[in-house]
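Report on one structure; see the data block that follows.
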Amino acid sequence: MVTTQVLGGDAAGYAAAAAIWRAGGLVAFPTETVYGLGADARDDRAVARIFEAKARPRFNPLIVHVASVAAAQAYVTWSDAAETVARAFWPGPLTLVLPLREGSALSPLVTADLPTLAVRVPGHPVARALLEVFGGPVAAPSANPSGRLSPTEPGHVLAGLDGRIKAVVDGGVCPVGVESTILGLAGDPVLLRPGGVPVEALEAVLGRPVGTSGADEGLSAPGQMRSHYAPGVPVRLGARAPRGGEAMLGFGAVEADLNLSPAGDLTEAAANLFHHLHALDRLGARGIAVSPIPEQGLGRAINDRLRRAAAPRG
Ligand code: TXA
Ligand code: MG
């Protein structure tokens with residue numbers, strides 16, 4: 001057990017966080033999507049601590065966070081398609097999977113020995129400042145115990161990882177609220193995980209369709225296990241009303257215990273998703289019934305997370 005410090009999103013907080021990273025420790029920090037659990041991506045022991053703190057299977061690779069396109073290019077083989085989407089969406093909620101450069105100096109634990117690397121330039125001002133001050137690549141999965149709901153505020157991080165990490169930098173509530181979109185660009189463009197950038201927007205910028213990699217097989221990205229984001233109670237999707245003892249998570253003009261967006265706005269719904277699931281989980285209801293969500297734009301990312309939350313545990 002360590003005492004987990006809460007650091008401010010200010011110069012003193014950034015300096016303290018960077019010092020912990022340099023010493024091989026773990027610091028959770030805000031991004032525009034969810035809080036990440038960061039470590040120096042070049043330090044084997046530090047990266048190993050991420051897997052330990054989260055009880056994450058070692059075969060599940062991590063996203064590396066960097067401050068700029070130039071920094072990303074040091075670790076991956078760049079391409080025209082990468083340039084196109086990076087120009088359009090970085091900094092922002094998009095992760096690119098590209099061929100790993102030889103001699104990249106990253107810990108092999110980061111990529112779980114795959115020949116590709118997932119990399120992104122986050123847009124949150126606190127994440128950007130931290131990366132600048134640290135001056136190196138930060139490996140960071142979402143800052144939750146493996147298989148549980150992702151954290152969108154410091155309280156969620158502490159609820160799952162207090163005493164297991166050195167610090168969390170307080171940047172308030174994450175504005176996007178679902179994880180980054182993961183786009184595979186090692187071959188033809190393929191959507192490995194729907195997320196904060198709608199696939200429609202990627203297709204518009206690339207000028208071509210983006211394939212899907214059989215997400216229903218459950219392992220499009222290695223860590224895309226079918227059961228994930230699991231709250232403590234059963235989740236029932238496409239519900240019109242709650243049944244015996246369920247709490248209702250609404251969308252649109254419906255009666256509900258909590259509503260993702262009474263106005264039916266998908267951006268607002270994404271921002272509220274994990275916050276409301278955490279809150280309903282704490283309520284002690286027998287289950288959570290969720291309104292239908294349209295399968296378009298950010299709705300794809302919301303439905304992906306909800307299907308995994310509803311999947312049989314195993
Ligand atoms: O928004 C996000 O992406 C957040 C913030 C903290 O950046 N991070 C995040 O990390 O969601 P994590 O570890 O919870 O999810 C990363 C996903 C996993 O499903 C992992 O299997 C996949 O990315 N991934 C990582 N490297 C990969 C690779 N080389 N090829 C395919 N998938 C990869
Ligand atoms: Mg995660």
Side-chain angles (χ1 to χ4, degrees), residues 26-39 41 47 50-51 53-66 75-77 89-100 104 106-124 126-128 130-131 137-152 156-157 160-161 168-169 171 174-187 190-197 213 215 218-230 270 273-274 301 304-305 308-309:
L26 303 184
V27 181
F29 65 102
T31 79
E32 69 277 35
T33 58
V34 301
Y35 274 72
L37 179 59
V47 175
I50 293 180
F51 288 89
K54 284 182 57 101
R56 178 179 176 109
R58 293 274 180 126
F59 59 77
N60 190 2
L62 305 176
I63 297 172
V64 167
H65 299 68
V66 293
Y75 301 112
V76 290
T77 307
F89 300 108
W90 279 0
L94 176 68
T95 295
L96 300 181
V97 171
L98 289 159
L100 177 68
S104 71
L106 296 178
S107 165
L109 284 173
V110 167
T111 54
D113 278 329
L114 291 173
T116 54
L117 175 70
V119 64
R120 87 173 179 108
V121 178
H124 193 291
V126 171
R128 291 175 60 84
L130 282 164
L131 291 169
V138 172
S142 50
N144 50 280
S146 188
R148 309 303 300 189
L149 294 169
S150 294
T152 53
H156 297 162
V157 176
L161 296 174
V168 53
V169 180
C174 302
V176 176
V178 290
E179 297 85 349
S180 60
T181 300
I182 305 182
L183 179 66
L185 286 179
V190 57
L191 182 71
L192 298 174
R193 177 177 73 182
V197 173
S213 64
L219 280 177
S220 45
Q224 290 287 77
M225 284 76 160
R226 192 172 285 143
S227 171
H228 203 95
Y229 310 105
L273 179 66
F274 288 122
D304 172 80
R305 306 309 184 266
R308 290 175 206 286

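Keep in mind that this is a model prediction, so the values were computed, not measured. Just follow the structure's listing: the first ligand is 1, and inside any ligand the first atom is 1.
Smallest separation of non-hydrogen atoms from Arg120 and Trp90: CA-CZ2, 3.6 Å. Ser150 and His156 get closest at one heavy-atom pair: O-ND1, 4.4 Å. Heavy-atom minimum distance, Pro30 versus Gly171: CG-CA, 3.7 Å. Taking every heavy atom of both residues into account, Gly38 and Ala140 meet most closely at CA-CB, 3.9 Å. Annotation for Pro175 and His124: closest pair CD-CD2, 4.2 Å, computed over non-hydrogen atoms.
Considering only heavy atoms from C-beta on, Ser180 comes within 4.5 Å of Arg193 through its side chain. Side-chain atoms of Pro122 and Leu131, non-hydrogen and from C-beta on, do get closer than 4.5 Å to each other. By the 4.5 Å heavy-atom criterion applied to side chains, Leu130 and His65 are not counted as neighbours.
Heavy-atom proximity to Arg120, at under 4.0 Å, picks out these atoms of ligand 1: 1 (O), 5 (C), 7 (O). If you number the atoms of ligand 1 from 1 as listed, the ones under 4.0 Å from a heavy atom of His65 come out as 5 (C), 6 (C), 7 (O). Taking a cut-off of under 4.0 Å to the non-hydrogen atoms of Ser142, the atoms of ligand 1 that pass are 8 (N), 9 (C), 10 (O), 12 (P), 14 (O). Ligand-side atoms of ligand 1 in range of Thr116: 28 (C), 29 (N), 30 (N), range being under 4.0 angstrom from any heavy atom.
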Exercise for review: Give the intermediate values and the outcome of side-chain contact (heavy atoms from CB on, under 4.5 Å) for residues Phe29 and Val138.
Suggested key: CA-CA 11 Å; Phe29 65 102; Val138 172; 4.1 Å; yes
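When the options Leu94, Ile182, Leu62, Val34 are ranked by their closest heavy atom to atom 23 (O) of ligand 1, first place goes to Ile182. Considering Pro61, Ala140, Gly195 only, the shortest heavy-atom separation from atom 8 (N) of ligand 1 involves Ala140. Counting only non-hydrogen atoms, the option in Ala143, Gly36, Ser180 that gets closest to atom 2 (C) of ligand 1 is Ser180.
Contacts of Thr111 with ligand 1, taken as heavy-atom pairs under 4.0 Å, are absent altogether. Only the side chain of Arg56 comes within contact range of ligand 1, with a heavy atom under 4.0 Å; no backbone atom does. At a 4.0 Å heavy-atom cut-off, ligand 1 touches Asn60 through the side chain alone.
Around the Mg ion (ligand 2), the protein atoms of type N, O or S that sit closer than 2.8 Å are Ser142 OG.
In this structure, Ile63 is part of the shell of residues with a heavy atom less than 4.0 angstrom from ligand 1.
Here the straight-line distance linking atom OG1 of Thr77 with atom CG of Leu185 works out to 12.0 Å at 0.5 Å rounding.
Applying the side chain to side chain contact (heavy atoms under 4.5 Å, CB included) test between Val110 and each of Ile63, Val47, Leu100 identifies Val47 as the sole match.
Using modelled atom types and a 3.5 Å distance limit, the side chains of Asn144 and Arg148 yield no donor-acceptor pair.
In terms of polar-atom proximity, Thr33 is counted as a contact of ligand 1, with an N or O under 3.5 Å from an N or O of the ligand.
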